[in-house]
Amino acid sequence: MSLFNEVDVVRAGFFNALNEDPARIDLETLRIEYLGRKGKVAGLFKQIGQVAPEEKGAIGQALNELKQELTSILDEREAALISVSSSDKKSAIDLTLPGIESPTGSYHIITQSLNDMIEIFGRLGFSVAEGPEVETEWRNFDALNILPDHPARDMQDTFFTKSGHVLRTHTSPVQVRLMQSQSPPIRSIMPGKVYRNEAVSARSHAMFHQVEGLYVDKKVTYAELKGTLELFCREYFDTDVKLRFRPSYFPFTEPSSEVDISCFLCHGKGCRICKHTGWLEILGCGMVDPAVFEAVGYEADSVTGYAFGIGIERPALLRYGIPDIRMFYENDLRFLRQF
Ligand SMILES: [Zn+2]
């Protein structure tokens with residue numbers, strides 16, 4: 001076969017390969033196969049030496065033409081691929097399109113609220129203490145001066161396990177654990193889940209979250225308790241929030257107070273959320289009862305301390321105008337993504 005014929009064979013092979021797959025994207029392989037340093041066209045050039053001298057000029061020209069022809073076809077095809085419209089998805093990949101983002105999760109609104117509180121109390125020098133959600137009756141009740149005939153110990157209010165343990169009704173058992181294992185000074189908050197045997201409704205749930213705080217040292221005063229809570233409420237709710245301490249009763253603190261804050265939605269003017277009183281009931285607190293210190297083995301006349309407890313769900317309900325506490329736990333992404 002003369003070299004002229006071979007030029008035709010190579011050309012035909014090239015067009016066959018190109019037309020086999022008109023939408024061919026992998027032009028580079030074809031370019032290497034035909035125009036590469038060891039490609040088919042280069043192979044033809046090598047054979048020029050064996051051609052009769054009078055034919056060399058013509059065959060050289062034919063080879064150069066072949067090389068130019070294939071080069072320009074490949075260049076055109078490549079340019080066409082790059083400029084192909086994005087609607088023509090079958091024949092091209094548009095490398096300029098932005099990628100598909102995978103969805104990222106976020107913190108649950110309750111976790112966010114807890115983290116905010118932990119952060120604020122952390123700046124005030126409170127560490128974080130945690131404990132089990134299944135507790136002994138002694139830690140949940142007796143050690144906290146809640147006597148055996150107290151109505152809170154009734155089956156109606158508390159979940160009891162078959163083994164006689166309770167699902168903690170507050171995070172106070174963690175305070176007991178802390179005092180049993182450490183000497184004063186103690187300055188900690190106890191965030192976590194608590195359980196009450198209540199019918200689940202829009203306003204109450206059988207499980208909710210609390211943050212309790214405990215500060216025990218020599219000569220801790222009620223004024224320090226007030227100062228700490230005022231600072232916390234201004235950071236957490238609103239910078240100009242006012243606090244109102246009302247006398248109350250808890251078995252584990254004496255004296256005890258319930259604390260209202262001026263409504264952070266209407267700034268005390270009165271609105272639907274604060275039932276037009278201008279105040280929101282937000283937390284309970286007091287000075288630790290000496291009976292609690294005795295129960296954990298402290299010398300009750302040498303230490304003093306304060307404790308407080310604040311719910312997580314209720315302030316969040318108020319702040320975001322959420323109508324139903326159950327929405328926190330239904331895991332409806334349409335709800336959760338709003339925060
Ligand atoms: Zn209000």
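Note that ligands are numbered from 1 as they come in the structure, with each ligand's atoms numbered from 1 the same way.
Residue contact annotation: C274 places an N/O/S atom under 2.8 Å from the Zn ion (ligand 1). Residue contacts to the Zn ion (ligand 1): H276 brings no N, O or S atom closer than 2.8 Å.
Atom CD1 of I146 and atom OG of S172 lie 7.0 Å apart (nearest 0.5 Å).
By the 30° and 60° cut-offs, the orientation of the rings of F308 relative to F126 is perpendicular.
Angle SG(C271) to the Zn ion (ligand 1) to SG(C266): 110° [nearest 10 degrees].
Residues F141 and H150 place their aromatic rings such that the two centres sit no closer than 6.0 Å.
Between the side chains of T253 and Y306, no donor-acceptor pair is found at a separation under 3.5 Å.
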